[in-house]
Amino acid sequence: MDHMSVALIPVQPGEGESKFVTAPLTLPEKDQECLFSLDGECFFPFHYKNEIFYDCVKFTTKHKWCSLNETYQGYWKYCSEDDFAKCVFPFWYRHMIYRECTEDGDAFGKKWCSLTQHYNKDKMWKYCD
């Protein structure tokens, strides 16, 4: 592609200064025209391709991204450090309540936490920093 047309479109009329840039981009998995945000907040959890995501995702892109809607509708942004999922405390794991990261249940002894209050039900987690 020799050139790219860019247009600024407000997220929701009358709400802050959030803007979108529309441009031919490769996201999520094929060439299509999507609305990429220069700012805005990630919506977690979000629905994409019949799955629920509690954190930024990568798939076939170079960088992790998130949806700006509860159900992905083409509005997205690349994740910054502030966008990645946060640990949720307290959380249930097996028959205990945890108020901090734990090594329990990890085969490598690395500390982890749940991304929801009910790990036993949701099975969503991440390693702690």
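Quick note: numbers below take in every heavy atom, side chains included, and nothing from hydrogens, waters or symmetry partners.
Proximity of the aromatic rings of Tyr48 and Trp76 is defined here by a centroid distance below 6.0 angstrom, and this criterion is not met. Checked against the 6.0 Å centroid threshold, Tyr72 and Trp65 count as a close aromatic pair. For Tyr119 and Tyr93, the distance between ring centers is under 6.0 angstrom. If you look at Phe53 and Phe59, their ring centroids are closer than 6.0 Å. Taking the ring centroids of Trp112 and Tyr98, they lie at or beyond the 6.0 Å cut-off.
Between Ser67 and Cys42 the shortest side-chain heavy-atom distance does not fall below 4.5 Å. Within the 4.5 Å cutoff, the side chain of Phe91 has heavy atoms near those of the Thr102 side chain. Contact of the Lys64 side chain with the Val57 side chain is not registered, since no non-hydrogen atoms from C-beta on lie closer than 4.5 Å.
Between Cys113 and Cys87, the two SG sulfurs come within 2.5 Å of each other, short of that mark.
A pairwise comparison of heavy atoms in Asp55 and Phe46 identifies O-CE2, 3.9 Å as the closest pair. When all heavy atoms are compared, the tightest approach of His118 to Trp92 is ND1-CD1, 3.9 Å. Pairing each heavy atom of Lys111 with each of Cys101, the nearest pair is CB-CB, 4.0 Å. Nearest heavy atom pair, residue Gly40 against residue Lys77, reads O-NZ, 2.9 Å.
Although no hydrogens or angles enter the test, the distance criterion places a donor-acceptor pair under 3.5 Å between the side chain of Lys86 and the main chain of Asp82. Lys126 contributes a side-chain N or O that, together with a main-chain N or O of Ala85, makes up a donor-acceptor pair within less than 3.5 Å. Looking only at distances, no side-chain donor or acceptor of Asp122 sits under 3.5 Å from a matching main-chain atom of Met124.
Side-chain atoms of Asp83 and Tyr78 include no donor-acceptor pair closer than 3.5 Å.
Atom CD of Glu41 is surrounded by 12 or fewer heavy atoms from other residues, nucleotides or ligands within 6.0 Å. Within a 6.0 Å sphere centred on NZ of Lys123, heavy atoms belonging to other residues, nucleotides or ligands number more than 12.
Side-chain heavy atoms closer than 4.5 Å link hydrophobic residues (I, L, V, M, F, W, Y) into clusters, and following such links, possibly through other members, connects Leu115 to Ile52.
The structure places NZ of Lys58 at 8.0 Å from NE2 of His63, a figure rounded to the nearest 0.5 Å. The distance from the CG atom of Leu68 to the CZ atom of Phe43 is 10.5 Å, given to the nearest 0.5 Å.
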